[in-house]
Undergrad: 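The structure is given below, and queries will be raised subsequently.
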Amino acid sequence: MTIQLRLDTTYIHDSRLGAHALPEDQIAGLHGRLREVLDEIANERRAGQHRFRELPHLRIQVDEIKQIVAEYKDQTDNLVVLGIGGSALGNIALQSALNPYGYNLLPADQRKGPRLFVLDNVDPVAFEAVMAFCSEDWSRTLINVISKSGETAETSAQFLIVRDRLIQALGEEEARRRIIVTTDPAHGTMRGIVDREKYRSLVVPDGVGGRFSVLTPVGLFSAAMCGIDIDGLLDGAAAMDQAVSDPNPATNPAARIAAIHHLYMERGKRLHVMMPYSQQLKDMADWYCQLWAESLGKIRPSDGQNVGPTPIKALGATDQHSQVQLYREGPNDKVITFLEVEEFDVDTVIPRGFKDIEAMDYLGRSRDGTLGGLLNTEKKATELALLASGRPSLTIRFPSVNARTVGEFIYLYESVIPIMGKLQGINPYDQPAVELGKQLTFHFMGRQGYEKSPMG
Ligand code: PA5
């Protein structure tokens with residue numbers, strides 16, 4: 001299986017970057033270490049680690065997801081996902097990448113499924129706005145509660161409220177039918193509740209952390225409900241698995257991305273901007289930010305150093321008018337990753353108007369005179385403008401945005417993480433620093449067992 005995404009690293013080593021160019025021989029100098037890293041990962045994978053790597057092949061509960069979708073789709077106008085962090089960001093990213101912009105606003109017969117609301121915050125104003133849609137007809141609302149731990153305060157609070165409203169509107173029995181819980185297969189508070197209340201459930205597979213779980217029932221169920229081709233996503237991920245299993249770092253795209261970022265971090269470029277020139281991929285940059293931040297921002301056990309890049313999301317062309325001033329003239333501490341789309345699903349010709357006013361007329365006259373053409377021209381312009389200021393960038397090129405290429409992209413970036421983890425000497429799969437905030441919340445909210453402040 002060949003991959004469709006293309007990685008373009010021209011503006012990493014271009015001589016116009018001057019002292020900021022990363023010469024190919026420096027990347028090649030890391031190849032010895034990268035070979036060891038790729039070998040370690042392959043061995044660890046055979047021993048059952050890096051579980052997310054198996055997901056495209058295991059296709060966990062895909063048949064069950066399709067069965068639930070077949071059962072519920074015609075009875076559902078609103079699908080509400082309750083989750084946060086890794087239990088929400090992938091769902092949001094898939095929806096905006098693979099369903100039309102403004103999907104929820106389309107009439108039902110033009111949508112491929114129910115409206116989707118992903119409630120990944122406990123802001124009461126946003127929450128009640130969604131509840132107002134649901135209360136139009138609770139019997140046509142389906143709730144998907146997603147929590148691996150089953151302990152997350154935000155998700156638990158939302159679940160309590162929604163369950164209460166469902167029971168008030170529909171009674172216990174029907175309310176139960178309108179809740180699907182995605183949680184750990186065997187452990188945790190939510191699994192206990194599923195067993196006791198007999199909720200229908202899906203699993204967050206063992207050994208797969210939240211931010212690596214979009215290709216599990218966590219991300220796949222809401223996607224399938226909304227008509228997204230989940231087989232295509234998994235096919236794309238499977239194709240990328242072959243590419244990122246390549247033991248040769250020179251031809252392995254995950255190893256190359258990791259090497260570039262690692263070497264630039266050693267040269268002080270610790271800010272990593274992901275800038276899609278595609279509205280569809282905007283939320284993929286959000287997903288990437290969590291993956292990068294929670295996985296790589298760590299205390300390195302060997303020397304106690306605080307390490308890790310700071311991921312930043314930007315959107316082209318919008319943020320050219322907001323961020324690019326900083327990216328060109330501010331500190332030269334960033335590496336920009338562009339996401340570029342060659343063929344947009346639709347493109348719009350810019351008409352010629354005001355032929356006597358050149359500042360207007362060139363747009364429609366240009367051979368790139370479509371909105372997609374303009375967007376991609378702006379990407380090229382930004383890339384070259386950054387180059388002129390000695391700012392390195394790389395590009396991931398999508399021939400088009402579809403389930404297959406999105407599956408490739410997700411799997412590619414997830415696969416970069418353990419390589420970066422090993423290069424930096426940290427465990428990318430834990431998130432110990434998130435715990436204190438969670439425990440303090442339990443303490444202040446009066447949870448039993450947390451009477452003593454964890455701050456001492
Ligand atoms: O990536 C992670 O592990 C986190 O972002 C979790 O997904 C997030 O904290 C939600 O956790 P849970 O699914 O246990 O409710």
Side-chain angles (χ1 to χ4, degrees), residues 49-53 55 60-61 80-94 118-123 127 143-163 179-194 199 201-223 283-298 308-309 311 313 410-411 413-418 420-421 426-442 445 447:
Q49 295 181 44
H50 312 289
R51 295 293 296 161
F52 78 88
R53 294 285 304 265
L55 295 172
I60 292 166
Q61 291 190 316
V80 182
V81 170
L82 308 179
I84 197 165
S87 294
L89 286 162
N91 305 61
I92 297 169
L94 290 182
V118 182
L119 285 173
D120 66 342
N121 201 352
V122 284
D123 179 300
F127 181 83
I143 307 298
N144 181 207
V145 190
I146 308 177
S147 179
K148 183 175 170 68
S149 64
E151 294 263 322
T152 304
E154 296 88 338
T155 309
S156 301
Q158 291 173 331
F159 168 61
L160 288 168
I161 300 167
V162 171
R163 172 177 170 271
I179 295 173
I180 292 176
V181 180
T182 308
T183 191
D184 188 275
H187 305 107
T189 307
M190 263 306 176
R191 180 51 62 187
I193 292 175
V194 165
Y199 288 131
S201 70
L202 292 164
V203 300
V204 188
D206 229 13
V208 179
R211 56 192 177 273
F212 294 88
S213 71
V214 55
L215 299 177
T216 75
V218 169
L220 297 181
F221 176 64
S222 63
D283 294 323
M284 277 294 158
D286 224 358
W287 169 83
Y288 149 85
C289 280
Q290 187 214 10
L291 183 71
W292 223 242
E294 234 175 37
S295 303
L296 300 174
K298 299 282 159 72
K313 56 187 169 170
I410 288 169
Y411 198 87
Y413 268 81
E414 287 179 346
S415 302
V416 174
I417 293 291
M420 293 272 286
I426 55 98
N427 171 9
Y429 295 121
D430 64 1
Q431 54 285 323
V434 181
E435 274 315 299
L436 180 60
K438 285 190 178 181
Q439 287 173 15
L440 280 164
T441 301
F442 295 154
M445 292 294 283
R447 179 173 167 175

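Every number for a ligand or one of its atoms is a count from 1 in the order of the listing.
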Undergrad: Pick out which of Ile180, Thr182, Ile146 makes a side chain to side chain contact (heavy atoms under 4.5 Å, CB included) with Pro217.
TA: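 Option passing the side chain to side chain contact (heavy atoms under 4.5 Å, CB included) with Pro217: Thr182.
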
Undergrad: What distance do Glu154 atom CD and Ser147 atom OG have between them, rounded to the nearest 0.5 Å?
TA: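 If I round to the nearest 0.5 Å, the distance is 9.5 Å.
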
Undergrad: Can you tell me how far NZ of Lys313 sits from CG of Asp286, rounded to the nearest 0.5 angstrom?
TA: 3.5 Å

Undergrad: Output every pair passing side-chain hydrogen bond (donor to acceptor under 3.5 Å, both in side chains) with a member in residues 212-222, not counting sequence neighbours, ordered by first then second residue.
TA: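 For residues 212-222: Asn91-Ser222.
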
Undergrad: Parallel, tilted or perpendicular, judged at 30° and 60°: which one describes the rings of Phe159 and Tyr199?
TA: perpendicular

Undergrad: Once you measure the plane-to-plane angle for Tyr413 and Tyr288, does it fall in the parallel (<30°), tilted (30-60°) or perpendicular (>60°) bin?
TA: perpendicular

Undergrad: Ligand 1: which residues have a non-hydrogen atom closer than 4.0 Å?
TA: Ile84, Gly85, Gly86, Ser87, Ser147, Lys148, Ser149, Thr152, Gly210, Arg211, Gln290, Glu294, Gln431, Lys438

